[in-house]
Protein chains: 2
Amino acid sequence: MTPRRSFVRAGGEARRAALIEATLDLIAEGGPEAATVRAIALRAGVTPGLIRHYFQTKEDLVAAAHEALMTSLTETSAAALEGLPDDPLARLRGFVAASVSPPVTDPRAVSLWSAAMQMVARDAGMRAVHRATYLAFRDRLEALIAEALGALGREGEDAQSLAIAGNALLDGLWIEAGLLPDHFHPDDLKSIAIKSFEGLLQIRFARDQDAIR
Amino acid sequence: MTPRRSFVRAGGEARRAALIEATLDLIAEGGPEAATVRAIALRAGVTPGLIRHYFQTKEDLVAAAHEALMTSLTETSAAALEGLPDDPLARLRGFVAASVSPPVTDPRAVSLWSAAMQMVARDAGMRAVHRATYLAFRDRLEALIAEALGALGREGEDAQSLAIAGNALLDGLWIEAGLLPDHFHPDDLKSIAIKSFEGLLQIRFARDQDAIR
DNA sequence: GTCTGAATTATACGCTTGCATAATTACGCA
DNA sequence: TGCGTAATTATGCAAGCGTATAATTCAGAC
């Protein structure tokens with residue numbers, strides 16, 4: 001008679017968080033098909049049946065994990081704005097640079113994002129989350145662009161179209177760098193992004209701001 | 001005694017192609033997990049066991065399907081260059097416009113691409129195929145850019161960095177349009193792409209070329 | 001015509017998956 | 001100190017997965 005394995009109770013939120021983190025880890029490492037109920041439970045140090053106690057179905061768990069990931073990315077992005085200077089151009093420059101530098105450019109993040117994109121194409125709920133987070137990022141970029149142009153006395157220009165283009169550029173660089181990490185030197189990526197924004201917006205950033213992270 | 005179902009022999013290549021097409025359809029519609037051996041066989045009008053006769057393993061079939069997709073995309077992209085005029089700037093403009101217009105911007109293509117990207121992140125073979133096709137596209141863009149700059153007497157500039165940025169921009173627009181089809185009007189997408197290239201390269205395309213598809 | 005080999009179907013096996021359910025354990029509270 | 005309840009484990013099941021293998025059928029060669 002092997003005795004029943006001992007355990008400690010972790011309380012609701014902590015267990016939920018652990019299960020979500022385990023799910024994200026597994027998806028990042030081995031794709032959605034690696035995130036089986038048994039694998040998730042094993043990584044979370046728990047027994048498979050417990051998942052059913054916190055999530056009605058596995059899909060619920062995956063959806064919760066996706067939401068947690070997106071929230072975390074949004075918060076990271078928001079935090080990046082905190083340390084930036086007041087000068088509108090410098091703020092925009094810092095934001096662009098941060099968007100193509102670690103920890104944003106993280107293979108794990110790109111892997112998770114591409115896994116989520118597949119679901120976005122098929123699931124209406126996922127598409128709603130994606131649209132919201134996409135627009136949140138783009139709106140923030142648009143605001144920064146509008147401020148920068150305003151500081152140059154160019155209020156009338158179409159900041160939204162510029163934000164769409166800038167967002168696409170950052171997305172493209174982010175994805176390509178994540179997929180082919182060896183092909184892009186971090187510094188090159190940053191200088192390409194900044195130079196491209198100078199071209200897109202017809203502006204010129206100050207040259208001596210590389211100290212700003 | 002139900003008699004054994006009758007069949008006609010399709011010969012090697014036709015059956016291979018049919019199986020590959022069925023695989024791509026299923027992945028596009030329901031993601032990789034929908035492309036089971038049984039579903040593929042059903043859609044191809046065939047019995048599951050036959051797959052093993054043409055492909056040693058299911059992974060082989062999926063890899064063959066990915067290669068067929070990429071080859072097809074590359075050939076479509078190459079064909080778009082055929083009908084373009086000789087003027088370097090007009091050629092570049094037409095190529096950019098084609099890259100963000102149907103049939104390139106096709107939800108099915110984006111769905112398939114995002115499914116493949118997941119495998120790229122994990123499988124070395126897939127990564128090799130991706131690198132090759134990515135560079136093939138980028139090199140073509142770089143050549144077009146170099147010609148356009150050359151026609152303006154600006155030979156010395158860094159066409160490769162500009163191609164990286166331009167490629168990222170096109171990729172980003174392509175992906176976002178594919179994921180949120182209702183958010184982008186095709187004409188807006190095209191004008192944003194063209195205007196962005198004017199900014200990136202500091203050039204100005206002729207205004208009266210919208211007739212060129 | 002019939003023979004023969006390849007193309008195709010049919011069947012079955014072992015494994016993994018998600019999920020349901022019952023038995024047990026830890027912990028707060030009286 | 002004992003009890004009650006929520007948290008957790010243990011076990012089992014039905015379905016679907018990829019694959020192996022044997023039986024059958026077609027189509028062309030002689």
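These numbers come from a predicted model, not from an experiment. So you know, we letter chains A, B, ... as the sequences are listed, proteins then strands, and number each from 1.
- Considering A/Asp25, A/Leu19, A/Leu24 in turn, A/Asp25 is the only one that fulfils the side-chain contact (heavy atoms from CB on, under 4.5 Å) rule with A/Glu21.
- The 12-atom threshold is not exceeded at NZ of A/Lys195, counting heavy atoms of other residues, nucleotides or ligands nearer than 6.0 Å.
- Within a 6.0 Å radius of CD in B/Glu59, other residues, nucleotides and ligands contribute 12 heavy atoms or fewer.
- Among the heavy atoms of the strands lying under 4.0 Å from B/Val37 is at least one base atom, whether or not backbone atoms are also near.
- Once rounded to the nearest 0.5 Å, the distance linking NZ of A/Lys190 with OG of A/Ser99 reads 12.0 Å.
- Taking the six-membered ring for Trp and the full ring otherwise, A/Phe137 and A/Phe95 have centroids separated by under 6.0 Å.
- In this structure, CD of A/Glu13 is placed 15 Å from C1' of D/dA7, rounded to the nearest angstrom.
- Listed in residue order, the members of residues 18-34 of chain A having a heavy atom less than 4.0 Å from DNA chain C come to none.
- Of the residues in residues 42-59 of chain A, those placing a heavy atom less than 4.0 Å from an atom of DNA chain C are A/Arg52, A/Thr57, A/Lys58, in numerical order.
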Please list each protein N or O that sits under 3.5 Å from an N or O in nucleotides 13-16 of chain D, with the distance.
none

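- Of the residues A/His130, A/Arg131, A/Arg138, the one that meets the side chain to side chain donor-acceptor pair (under 3.5 Å) test with A/Tyr134 is A/Arg138.
- Between the CZ atom of A/Arg15 and the P atom of D/dA6 there is a distance of 17 Å, given to the nearest Å.
- Between A/Arg5 atom CZ and D/dA10 atom P the separation is 6 Å, expressed in whole Å.
- Summarising the local packing, CD of B/Glu157 is surrounded by more than 12 heavy atoms from other residues, nucleotides or ligands at distances under 6.0 Å.
- The main-chain N or O of A/Asp158 is never found under 3.5 Å from a side-chain atom of A/Ser161 such that the two would form a donor-acceptor pair.
- In this structure, the side chain of A/Ser72 does not engage the main chain of A/Ala68 through any donor-acceptor pair within 3.5 Å.
- B/Gln160 has its side chain within reach of B/Ile164: a pair of non-hydrogen atoms, C-beta onward, lies under 4.5 Å apart.
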